[in-house]
Peer 1: 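Dropping the structure in here first, questions after.
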Amino acid sequence: MPSPLIAPSLLSADLTNLAASLDAVRGADYLHFDVMDGRFVPNLTFGPALVQAVKRCSDLPVDAHLMVDDPDGTVDWYIDAGADIVSVHVEAARHLDRLVHHIQDRGCKAGVVLNPATPVEVLEDIVDAVDLVVLMSVNPGFGGQKFIENTYAKLDRLARMLDAHDARPIVEVDGGVTRCNARELAARGVRMYVAGSAVFGAADPAAEVEAIRAAAGQVR
Ligand code: DX5
Ligand code: ZN
């Protein structure tokens with residue numbers, strides 16, 4: 001298994017001192033950026049202006065997670081703002097194949113995200129094209145929720161599908177990820193770990209990034 005990728009979620013960062021929050025996690029691999037439109041999910045967060053601001057004070061690549069009703073119409077805002085990965089929900093995209101290729105044609109990695117109740121089998125006809133598969137391990141909309149245990153079974157089914165296709169997208173898990181479940185996730189093929197409250201709620205966010213990385217790295 002290649003080295004784990006840790007992506008702290010800015011949703012749980014102290015936005016009154018964004019520069020300090022970003023500095024605290026400079027040892028991470030990506031910054032996870034939760035875009036919520038108040039429609040696809042019952043919460044409203046950041047837009048492209050904040051991606052631009054983040055790119056000015058951090059060298060880390062941005063992993064943009066679009067929890068919006070109209071990803072087809074809005075992905076370009078985040079690509080133009082400097083996102084490196086753009087992930088869209090299969091439940092929201094109208095023309096997923098076109099959208100994935102559009103994101104890639106514009107020079108970004110394209111991810112597809114599944115809500116907890118969306119079966120992995122819906123990916124059967126797109127999995128060969130994507131750079132990332134993201135499984136939500138909480139219902140999207142808020143940080144600090146409890147990890148949904150059924151995610152493990154979904155990861156096992158996803159691994160079998162990827163093997164059958166000989167496809168090797170990055171598998172990312174988002175929601176309720178901690179140093180305690182990272183090893184179990186790694187054993188099921190997870191490469192990329194989104195952690196919001198676990199990292200920014202810790203006394204030492206930098207050390208928490210490394211604790212999650214170490215736990216995930218126990219599986220090789
Ligand atoms: C939830 C977001 C997550 C969230 C994770 O809708 O997509 O990225 O920030 O937060 P934690 O790690 O606290 O569950
Ligand atoms: Zn997210």
Side-chain angles (χ1 to χ4, degrees), residues 4-15 18 21-22 24-25 28-48 50-51 54 60-69 71 74-75 78 83-93 108-118 131-152 154 170-182 184-185 190-203 205-213 215-216:
L5 301 169
I6 314 299
S9 168
L10 286 184
L11 191 60
S12 296
D14 176 6
L15 298 180
L18 183 59
S21 297
L22 295 175
V25 298
D29 302 284
Y30 282 91
L31 289 171
H32 186 81
F33 194 92
D34 286 308
V35 178
M36 304 187 189
D37 67 351
R39 295 174 66 90
F40 182 71
V41 288
N43 198 359
L44 192 60
T45 57
F46 319 125
L50 197 68
V51 175
V54 161
L60 292 181
V62 166
D63 171 33
H65 173 197
L66 270 53
M67 288 162 276
V68 301
D69 258 356
T74 54
V75 288
Y78 300 93
D84 300 272
I85 298 173
V86 179
S87 293
V88 298
H89 274 258
V90 298
E91 303 88 356
C108 295
K109 287 192 165 70
V112 288
V113 194
L114 267 54
N115 278 334
T118 304
D131 300 296
L132 292 91
V133 172
V134 186
L135 297 193
M136 291 307 302
S137 37
V138 298
N139 286 293
F142 304 95
Q145 302 180 82
K146 189 174 176 301
F147 181 88
I148 295 173
E149 299 283 323
N150 183 55
T151 308
Y152 295 127
K154 285 179 75 172
I170 291 173
V171 177
E172 175 178 324
V173 167
D174 184 4
V177 172
T178 67
R179 59 164 84 189
C180 300
N181 56 23
E184 191 75 34
L185 293 168
V190 175
R191 170 97 194 275
M192 188 157 164
Y193 302 79
V194 177
S197 51
V199 167
F200 288 108
E208 204 57 35
V209 166
E210 293 316 315
I212 296 169
R213 189 191 302 287

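Counting convention: from 1, in listed order, for ligands and their atoms alike.
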Peer 1: I would like to know whether Val51 and Val54 meet side-chain contact (heavy atoms from CB on, under 4.5 Å); could you show each step before the answer?
Peer 2: CA-CA 5 Å; Val51 175; Val54 161; 5.7 Å; no
Peer 1: Could you walk me through whether His32 and Asp34 pass the side chain to side chain donor-acceptor pair (under 3.5 Å) test, one step at a time?
Peer 2: CA-CA 6 Å; His32 186 81; Asp34 286 308; 2.9 Å; yes
Peer 1: Atoms of ligand 1 less than 4.0 Å from Ala195 heavy atoms?
Peer 2: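 Listed by number with element, the hits are 12 (O).
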Peer 1: Quick one: look up the protein heavy atom nearest atom 1 (C) of ligand 1 and list residue, atom name and how far away it is.
Peer 2: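 It is Phe142 O, 3.5 Å.
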Peer 1: Considering Thr45, Asp174, Asn43, Asp34, which one's heavy-atom position lies nearest to atom 5 (C) of ligand 1?
Peer 2: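 Heavy atom nearest to atom 5 (C) of ligand 1 belongs to Asp174.
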Peer 1: Within a strict 4.5 Å, meaning less than it, do heavy atoms of the Tyr78 and Val62 side chains meet?
Peer 2: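 Sidechains of Val62 and Tyr78: no contact.
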Peer 1: With a 4.5 Å limit on heavy-atom distance, are the side chains of Asp37 and Leu66 in contact?
Peer 2: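 When only atoms from C-beta onward are counted, Leu66 and Asp37 do not touch, as no gap falls below 4.5 Å.
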Peer 1: Pairs of nitrogen or oxygen atoms closer than 3.5 Å, one from Met67 and one from ligand 1: do any exist?
Peer 2: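 N/O-N/O distance under 3.5 Å: no.
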Peer 1: Any side-chain heavy atom of Phe200 sitting closer than 4.5 Å to one from Ser9?
Peer 2: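 No, too far: nothing below the 4.5 Å cut-off.
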Peer 1: Give the numbers and elements of all ligand 1 atoms closer than 4.0 Å to a heavy atom of Gly143.
Peer 2: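 The atoms of ligand 1 under 4.0 Å from a heavy atom of Gly143 are 10 (O), 13 (O).
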Peer 1: So which atom in Pro71 and which in Val88 form the shortest heavy-atom distance, rounded to 0.1 Å?
Peer 2: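 Smallest interatomic distance, heavy atoms only, reads CB-CG1, 3.8 Å.
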Peer 1: Which atoms of ligand 1 have any heavy atom of Met136 under 4.0 Å away?
Peer 2: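 Answer for ligand 1: 7 (O).
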Peer 1: Between Ser197 and ligand 1, which residue portion shows a heavy-atom distance shorter than 4.0 Å: side chain, backbone, both, or neither?
Peer 2: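 Both the backbone and the side chain of Ser197 come within reach of ligand 1.
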Peer 1: As a test of reading the structure, name the N/O/S atom of Asp34 that is nearest the Zn ion (ligand 2).
Peer 2: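 Closest to the Zn ion (ligand 2) among those atoms: OD1.
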Peer 1: Using side-chain heavy atoms (C-beta onward) and a distance below 4.5 Å, is Pro140 in contact with Pro116?
Peer 2: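 Of all side-chain heavy-atom pairs linking Pro116 with Pro140, at least one is under 4.5 Å.
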Peer 1: So, of the N/O/S atoms that His65 has, which is the nearest one to the Zn ion (ligand 2)?
Peer 2: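 The nearest such atom is ND1.
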Peer 1: Before you tell me yes or no, could you show the steps for Phe40 and Asn115 under side-chain contact (heavy atoms from CB on, under 4.5 Å), namely the whole-Å CA-CA distance, both residues' side-chain angles and the distance that decides it to 0.1 Å?
Peer 2: CA-CA 11 Å; Phe40 182 71; Asn115 278 334; 3.8 Å; yes
Peer 1: Pick one: which of His89, Glu91, Lys154 meets side-chain hydrogen bond (donor to acceptor under 3.5 Å, both in side chains) with Thr118?
Peer 2: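 Only match with Thr118 under side-chain hydrogen bond (donor to acceptor under 3.5 Å, both in side chains): Glu91.
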Peer 1: Could you say whether the N/O atoms of Asn139 and ligand 1 ever approach to under 3.5 Å?
Peer 2: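 No, since none of the N or O atoms of Asn139 sits under 3.5 Å from an N or O of ligand 1.
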Peer 1: For atom 9 (O) of ligand 1, what's the nearest protein heavy-atom neighbour? Residue, atom name and distance, please.
Peer 2: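 Protein heavy atom at minimum distance: Ser9 OG, 2.7 Å.
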Peer 1: Which residue and atom name correspond to the protein heavy atom nearest atom 14 (O) of ligand 1, and how close is it?
Peer 2: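 Ranking protein heavy atoms by distance from atom 14 (O) of ligand 1, first comes Gly176 N, 2.8 Å.
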Peer 1: Within ligand 1, which atoms have a heavy atom of Val194 less than 4.0 Å away?
Peer 2: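 The list of qualifying atoms is 8 (O).
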Peer 1: Could you tell me whether some N/O pair between Gly196 and ligand 1 is separated by less than 3.5 angstrom?
Peer 2: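 By distance alone, the answer is yes.
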Peer 1: With heavy-atom distances below 4.0 Å as the criterion, list the atoms of ligand 1 near His65.
Peer 2: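 What qualifies from ligand 1 is 7 (O).
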Peer 1: Taking distance alone, with no angle check, do Ser12 and ligand 1 share an N/O pair under 3.5 Å?
Peer 2: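 Not met; the criterion fails.
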Peer 1: Provide the number and element of each atom of ligand 1 under 4.0 Å from a heavy atom of Gly144.
Peer 2: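 This gives 11 (P), 13 (O), 14 (O) as the contact atoms.
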Peer 1: If I compare all heavy atoms of Ala92 with all of Val68, which pair ends up nearest, and what's the gap?
Peer 2: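 Closest pair (atom of Ala92, atom of Val68, distance): CB-O, 3.2 Å.
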Peer 1: Met36 heavy atoms, cut-off 4.0 Å: which ligand 1 atoms fall inside?
Peer 2: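 Result: 6 (O).
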Peer 1: Does some side-chain heavy atom of Leu185 sit less than 4.5 Å from a side-chain heavy atom of Tyr152?
Peer 2: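 Yes. Closest side-chain heavy atoms under 4.5 Å.
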Peer 1: side-chain contact (heavy atoms from CB on, under 4.5 Å) for Ile212 and Val199? Distances and angles first, verdict last.
Peer 2: CA-CA 9 Å; Ile212 296 169; Val199 167; 4.0 Å; yes
Peer 1: With the Zn ion (ligand 2) as the point of reference, which N/O/S atom of Asp174 is the closest?
Peer 2: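 Closest to the Zn ion (ligand 2) among those atoms: OD2.
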Peer 1: Would you say His65 and Val194 make side-chain contact, with heavy atoms under 4.5 Å?
Peer 2: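 Counting from C-beta outward, His65 and Val194 never come under 4.5 Å.
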Peer 1: I'd like to check which ligand 1 atoms, numbered from 1 as shown, lie under 4.0 Å from a non-hydrogen atom of Gly175.
Peer 2: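 So the atoms of ligand 1 that pass are 14 (O).
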Peer 1: Indicate yes or no: does an N/O atom of Gly141 lie under 3.5 Å from an N/O atom of ligand 1?
Peer 2: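 Among all N and O atoms of Gly141, at least one is under 3.5 Å from an N or O of ligand 1.
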